Number of protein chains: 2
Amino acid sequence: MNGIEIRGVSKSFAGLRALDDITLTLGEGMIYGLLGRNGAGKSTLLNLITNRLFPDEGEIFINGEPAAENDRAQSLVYLMGEKDYYPDAMRVRDVFRWTGNFYGGFDLERAGEFCELFGLDQTKKIQQLSTGYRSIYKIITALCVDVPYVLLDEPVLGLDANHRELFYKLLIEQYAAEPRTFVLSTHLIEEIAALIEQIVVIKNGRIIRDESCESLLASGYTVAGKAGDVDRFIEGKNVIGTDTLGGLKTAYLLGRPNRDEVPQGIELSRIDLQKLFIELTNEQGAKK
Amino acid sequence: MNGIEIRGVSKSFAGLRALDDITLTLGEGMIYGLLGRNGAGKSTLLNLITNRLFPDEGEIFINGEPAAENDRAQSLVYLMGEKDYYPDAMRVRDVFRWTGNFYGGFDLERAGEFCELFGLDQTKKIQQLSTGYRSIYKIITALCVDVPYVLLDEPVLGLDANHRELFYKLLIEQYAAEPRTFVLSTHLIEEIAALIEQIVVIKNGRIIRDESCESLLASGYTVAGKAGDVDRFIEGKNVIGTDTLGGLKTAYLLGRPNRDEVPQGIELSRIDLQKLFIELTNEQGAKK
């Protein structure tokens, strides 16, 4: 069966359960959002898929083959991680070549175009790059390597808004030109809401949501209007948050709105994915 | 005169002009957004105000006193920077005490409450903290120190969406309770759009905008509707970007809309601050 299959995987560090009995399938040709708070277990899961870590329990399969210590399976998955896995003295263009050799395919020409777009000089050594450009050379590598599964852990860390927008645009273009699976793990949730098709939410090492972005967004809604009108409308409803600006109020609610019930002066709109995520994952008083 | 006054300040590094003849006043009791791309000169400006760097040309005054090598002036400004200025082996609670001693005022009780809210154990040493919590102890210090000018350079780096929302909420509450000046330098522009009153945009070491958030946002607008309708409406107008989803299209325009001209089926709304920023600061083919 094609896809990445995670079956009953658990992993602990120093007695703390980072992942607790995770079962999940990542299909082919889809853009996933892997969402969770800091420490929820997202990076651990990505590292388990790509053999940077090994599970205490459970198994992972890539296109039907065991992922653990299996070069053929691993050659199908590229992880862009927070750490640099290349030597600091390596030049960016050599990272591209080396990646192509390991994975059996890399679009050097496209990588060159992307370097131009981002303003990255590919003759530079990794150690010469700023935080933003360290993310950028990794993003370009991830977009140009020829594998069916690309995992991106915090891809936009340190990028300014212009470079983030460029990255999202190139990702969509690459995906449209040659469908493959992208898994995006990021804290900038609202920015990727329009990109992702399927959402996996991890909380305290467990999966609490695995559904389409569309269906998750349909589980809540937003109303806005004059504060008094909004207050009357939301009374008794499942309100997860409000914002007030002057005399105007916006309220975020769980459930499905009954359109016939919405009075004049109240504007109904879809809920913001980030607001919904915050509500699903908030915990009071957790010590870390 | 009260405020931070920057007069004709320039600064070069290795022959490259990082700041070029900057003149700017940061008033009392205001929330500023200091916006710019990576490398535009934002951190250099904040470091010049707080004596981490000294200008090649020009002068800076804090409440009328020269900023350079002047402890009395410096005791009025707190900079939360990307670097850790405290020893790695220092505990968080000792950072709070030490900051209070240097600046002549610190609300230890409130800092304790904020640690609870963020889930930060203040007996921990800085070296034990993750990237997110390194931002958090600095945020808390910046919100609780008793100075009239608080400068925050990338305050939310590494924070998850829940902690970012909490930070924005506490910032607004602290500002309402005790007005002082906050200067926020961040790449997450859309998230702070509702917080900031005044916007300063730096591009290539020069200030290109210094105006109220309201007036900057009034310089553009957004239209949305069926792709065909939108295309007809925007023809000949100053379009800075478009997004298409299925048959629907959103277009971002500069200028002021003529409401009478907007046809049925076209929805008019305010422009997104981040979109506007991207357009103001984009540059094609810049090599770095």
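This one's a predicted model, so the numbers in the text were calculated from it and none came from an experiment. Protein chains get the first letters and strands the later ones, always in sequence-line order, with residue 1 at the start of each.
- Atom CD of A/Glu190 sits about 11.0 Å away from atom CD of B/Gln274, to the nearest 0.5 Å.
- Taking OG1 of A/Thr281 as the reference point, atom CG of B/Asp160 lies at 7.0 Å (rounded to 0.5 Å).
- Annotation for B/Glu267: atom CD does not count as buried by contact number, only 12 or fewer foreign heavy atoms lying within 6.0 Å.
- For B/Glu191, the part lying under 4.5 angstrom from a heavy atom of chain A is the side chain only.
- With respect to chain B, the highest number of heavy-atom pairs below 4.5 Å among A/Ala40, A/Gly36, A/Gly158 belongs to A/Gly158.
- Side chains of A/Arg37 and B/His163: a donor-acceptor N/O pair is present below 3.5 angstrom, by distance only.
- Counting heavy-atom pairs closer than 4.5 Å to chain B, the top residue among A/Ile189, A/Leu157, A/Leu188 is A/Leu188.
- For chain A, no part of B/Lys169 is nearby; none of its heavy atoms comes within less than 4.5 Å.
- With a 4.5 angstrom heavy-atom cutoff, B/Ser130 does not touch chain A via any of its atoms.
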Apply side chain to side chain contact (heavy atoms under 4.5 Å, CB included) to the pair A/Tyr133 and B/Asn38, showing each step before the final yes or no. CA-CA 10 Å; A/Tyr133 277 100; B/Asn38 272 330; over 6 Å; no

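- Atom CZ of A/Arg93 sits in a crowded spot, with more than 12 heavy atoms from other residues, nucleotides or ligands closer than 6.0 Å.
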